[in-house]
Amino acid sequence: AMVATRASDERGTAQQVDVALVGAGFAGLYLLHRLRKAGFSTVGLEEAGDVGGTWYWNRYPGARCDIQTIDYSYTFDPELEAAWTWSEKYATQPEILRYLGFVADRYDLRRDIRFKTKVTEARWDEASERWLITTDNGAPVSCRHYIMATGCLSAPKPPEIDGVKDFKGDVYFTGRWPHDGVDLAGKRVAVIGTGSSAIQSIPLIAEQAAHLTVFQRTPNFALPAHNGPAPSDRMSLLQGDRAAYREQARQSMAGVPYPQQTVVSWQLSDAERRERFERAWAAGDLVHILTQLWADQAVDVDGNKVVQDLIREKIRAAVRDPETAAALTPHDHPFGAKRPCLDTNYYATYNRPNVTLVNLRQEPIKAITASGISTNGRSFEVDVIVFATGFDAMTGAIRAVHPITGRGGRSLSDVWAQGPQTYLGLTVEGFPNFFVITGPGSPSVLSNMAVSIEQHADWVVDRLAALREAGFTTIEPTETAQAGWGRHMADCSMLTLHRLANTWYTGANVPGKVQGLMPYTGGVGPYRSICDEVVSRGMLGFRLT
Ligand code: FAD
C-alpha cells in the first residue's frame, strides 16, 4: 500500500509525456526532432548545460572527430546539409559543437530539453504501463516510452590510482575539460593514458608545457590525419550524387562509403602491398586503412600482421630514440582490434627535448603524491596531472542510472550482472517500452556513429508510430529473440579479430567489469538489413500488447 501511495503521489506531480529521452548529443537531438514530427510529446533530459553530448564535454586541446566530418554529419535533411559547410577534413570540437547548436536552433529543439537535469532512476509501472523517471533537478517524468541516448563514451572512468586526493597541483580529465580552457604555459604536466584523447592532446600540450611526462600503459596504433580542407576526391563524390553517397554509407560495413575490398593479401606481391599501404597512410583516414588495403586484414591474423609490421616501421622512422620508439610500438593486439587513433605529430612529439615517455609496463605507477607521481623507481614532480584514462564505454552511462527497474521489479544491473544482453542492441527483455541508442549489441563504436545514430533513431520512432497506429501500448523483445541475438553476436565476433584485444570494446579497461565484446561486429549495412527484416516479418522477436 505504501508503495502504491508513493507511486500515485509521484504521478500527481510528474511531468506527463509520451516519450522521455535522456541525452542531448547527436542521438538525442535527432530523436527529439523525429519524435516531435511524429506527433509524440517528448521531453529531453540532459545533465549538461547545453546540447552537444560528447562535443559539449570533451574540450581538451586537439579534440576533433576522426571520421571525416563530411561523413560525420546528419544526413536526414538535404536542406540542413546545404546550410552547413565544414571548414576542415576533421573538424575541431568547437566547430562540431557549433554545428550541433546550429541543428538545435534550426529545429527549435532546446525548448523541450531540461538541461542540468540528471536522470537518477527509472521504474516501470505495470499497472499504468508507464515509466517513472526520477531526476536530480525538478519534477519526475511519467512517460509511455523511455529512450536512453546517453552515449557510448560519456561516462569517464574514475582514476584507479591511489593518492589523487593528496596531489596539491591541478587535476584535469580530458572528458570533463574546463570550458574556459587551461593555461599550461611554463607548467610541468603529466598526461596519464595514451588512448585517442591523449594522442590528440599530447602534441599541443607539449608545445605549451615546460615539460610533459606521458605515462603509458598500452601503446596504440596511430595514423597521421593529414588534416586540412576536405579532400577533393571525397568532396566530388559527395557533391556528384549526395543521395547515392549517403546511401552507400548506410549500406557499408563501417558507415563510411567505401567499396568492399575483395583482393586478399596473399594475392598481392610485397611491392603491391607496400604501395597500397603507402597510399592509405597518405590518405590520412582510419576507415580507408581499416577497410581498403586487402579483404583479409580485419578477419585473418596473417593478413593483419602485414599491416601491423608496416605501421611499426613508420613508428621506428618517426621516433629518434630507439628505446622510446620500441615502447610506443604496439605488439599486443591486431591492428583495428582496439580503436586505432588519428594523430597530428604524435610520434614526432617524443623527439622534443621537453617530452618524456614513461613505460608503465616496466615501471608501474606506485602512487600519486602531494607533488607528483611516483613509479617503481622514480618520482616525477609535476604541477598538473591530466587524466586521459578513457571511459566506462557502452554500458557505463546506462548503468549509472540506478536502478532501472523493469517488469517484476527486476533491475537492469542485476539482469546485466554477467554482461549486457539486448535484442538488436536496442531493447532488453523484461524492460518494456525501453530503448537504448547505439547500445551494446549494435554496431555502435565500430561505425561512423552519425550513420548508426540516424538508423537507430529512425527505426525506434517508426516503430513507436506503427505501434500507436495499431493500438498497441507495449513492446518488448522475447527471451528467445534476445538469446538468439547474443548467439549471433558471438558468431559474428568469431569472424573478426576484435576478440583478440583487451580494450574498452570488451570492458577490459574497467577493473571488475564483465569481459566480452560489446559492439556488434557484423557491420552497419547488414545490421540495418536485419532491423528492417524484423519489421517486414511482423516485428519478429518482439511481443506487442
Ligand atoms: P553523447 O554525445 O555522449 O551524448 C550523451 C548525453 O547524455 C551526454 O550529453 C550526457 O551528458 C547525457 N547523459 C548521460 N547520462 C545521463 C543521465 N543519467 N542524465 C542526463 N543526461 C545524461 N564517433 C564517430 O563516429 N566519429 C568520431 O570521429 C568520433 N570522435 C569522438 C571523439 C571523442 C573525443 C569522443 C569522446 C567520442 C567520439 N566519437 C566519435 C563517439 C561519439 O561519442 C559519438 O559519435 C556521438 O557523439 C555520440 O552521440 P550520442 O548522442 O549517442 O551520445
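For ligands, and for the atoms within them, numbers begin at 1 and follow the listed sequence.
- Where the criterion is an N or O separation shorter than 3.5 Å, residue side chain and backbone included, Ile453 fails it with respect to ligand 1.
- In the vicinity of Trp57, heavy-atom distances shorter than 4.0 Å reach the ligand 1 atoms 8 (C), 9 (O), 10 (C), 11 (O).
- Of all protein heavy atoms, the one closest to atom 41 (C) of ligand 1 is Leu153 CD1, 4.1 Å.
- Side-chain contact, Thr395 with Lys513: a donor N or O sits under 3.5 Å from an acceptor N or O.
- Open room surrounds NZ on Lys118; 12 or fewer heavy atoms of other groups in view lie less than 6.0 Å from it.
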Query raised in the report: Given the rule in the side-chain contact (heavy atoms from CB on, under 4.5 Å) test, do Cys143 and Val19 qualify, once you have shown the distances and angles that lead to the verdict?
Result: CA-CA 5 Å; Cys143 55; Val19 185; 5.8 Å; no

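- Counting heavy atoms closer than 4.0 Å to ligand 1, residue Leu45 contributes backbone atoms (N, CA, C, O) but none from C-beta onward.
- Within a 6.0 Å radius of CG in Asp108, more than 12 heavy atoms belonging to other residues, nucleotides or ligands are found.
- Close contacts between ligand 1 and Ala27 involve ligand atoms 50 (P), 51 (O), 52 (O) [criterion: under 4.0 Å to a heavy atom].
- Residue, atom and distance of the protein heavy atom nearest to atom 4 (O) of ligand 1 are Gly53 CA, 3.5 Å.
- By the criterion of a heavy-atom distance under 4.0 Å, the side chain of Tyr60, and not its backbone, is placed next to ligand 1.
- At a 4.0 Å cut-off, at least one heavy atom of Ser447 sits close enough to ligand 1 to count as contact.
- Ligand 1 places these atoms under 4.0 Å from at least one heavy atom of Phe391: 36 (C).
- Numbered from 1 in the order shown, with element, the atoms of ligand 1 that lie under 4.0 Å from a heavy atom of Ser154 read 3 (O).
- Proximity annotation for atom 18 (N) of ligand 1: of Thr120, Thr135, Asp66, Val119, Val119 comes nearest, heavy atoms only.
- With a 4.0 Å heavy-atom cut-off, ligand 1 is reached by the backbone of Ile67 and by its side chain too.
- Across Phe435, Tyr30, Tyr527, a single residue satisfies ring pair (Phe, Tyr, Trp, His ring centres under 6.0 Å) together with His456, and that is Tyr527.
- Among the candidates Tyr172, Tyr60, Trp57, Tyr56, the single residue satisfying the ring pair (Phe, Tyr, Trp, His ring centres under 6.0 Å) test with Trp177 is Tyr172.
- With Val445 as the partner, the side-chain contact (heavy atoms from CB on, under 4.5 Å) test is satisfied by one option alone out of Ser452, Pro440, Pro519: Pro519.
- If you check each of Leu286, Thr150, Leu31 against atom 14 (C) of ligand 1, the one with the closest non-hydrogen atom is Thr150.
- By the 30° and 60° cut-offs, the orientation of the rings of His333 relative to Phe221 is perpendicular.
- Between His226 and Tyr90, the gap from one ring centroid to the other reaches at least 6.0 Å.
- What sits closest to atom 53 (O) of ligand 1 on the protein, heavy atoms only, is Gly151 CA, 3.2 Å.
- Side-chain atoms of Thr438 and Met449, non-hydrogen and from C-beta on, do get closer than 4.5 Å to each other.
- Under a 4.0 Å heavy-atom criterion, Asn58 is in contact with ligand 1.
- For the residues Thr54, Val445, Val22, the heavy atom positioned nearest atom 38 (C) of ligand 1 is part of Thr54.
- Considering both main-chain and side-chain atoms, Arg339 never comes within under 3.5 Å of ligand 1 through any nitrogen or oxygen pair.
- Between Tyr258 and His288, the ring planes lie perpendicular to each other; the angle is over 60°, past the 30° to 60° tilted range.
- For ligand 1, one of its N or O atoms has an N or O atom of Phe26 under 3.5 Å away.
- One side chain, Arg250 or Thr75, offers a donor N or O that lies under 3.5 Å from an acceptor on the other.
- Glu476 places a side-chain N or O within 3.5 Å of a backbone atom of Gly430 that can act as its donor or acceptor partner.
- The nearest pair of heavy atoms linking Thr135 to Arg114 is OG1-NH2, 3.7 Å.
- At least one N or O atom of Met449, backbone or side chain, sits closer than 3.5 Å to an N or O atom of ligand 1.
- In the vicinity of Gly23, heavy-atom distances shorter than 4.0 Å reach the ligand 1 atoms 6 (C), 7 (O), 12 (C).
- Near Asn448, meaning under 4.0 Å from any of its heavy atoms, are these atoms of ligand 1: 25 (O).
- Within the structure, ligand 1 has Ala149 among the residues with a heavy atom less than 4.0 angstrom away.
- Atoms of ligand 1 lying under 4.0 Å from at least one heavy atom of Lys118, given by number and element, are 19 (N), 20 (C).
- For ligand 1, the polar-atom distance check finds an N/O of Tyr72 within less than 3.5 Å of one of the ligand's N/O atoms.
- A ring pair (Phe, Tyr, Trp, His ring centres under 6.0 Å) with Phe26 is found for one member of Trp55, Tyr72, Phe76 and no other, namely Tyr72.
- Looking at ligand 1, you'll find an N or O of Glu47 within less than 3.5 Å of one of its N or O atoms.
- Between atom 9 (O) of ligand 1 and the options Arg64, Glu46, Gln200, the minimum heavy-atom separation is to Glu46.
- Ion pairing between a basic and an acidic side chain is recognised when a charged N comes within 4.0 Å of a carboxylate O; Asp105 and Arg110 show such pairing.
- Set against the non-hydrogen atoms of Val401, the atoms of ligand 1 under 4.0 Å away are 18 (N).
- Contacts between Trp55 and ligand 1, counted as non-hydrogen atom pairs separated by less than 4.0 Å, involve the side chain only.
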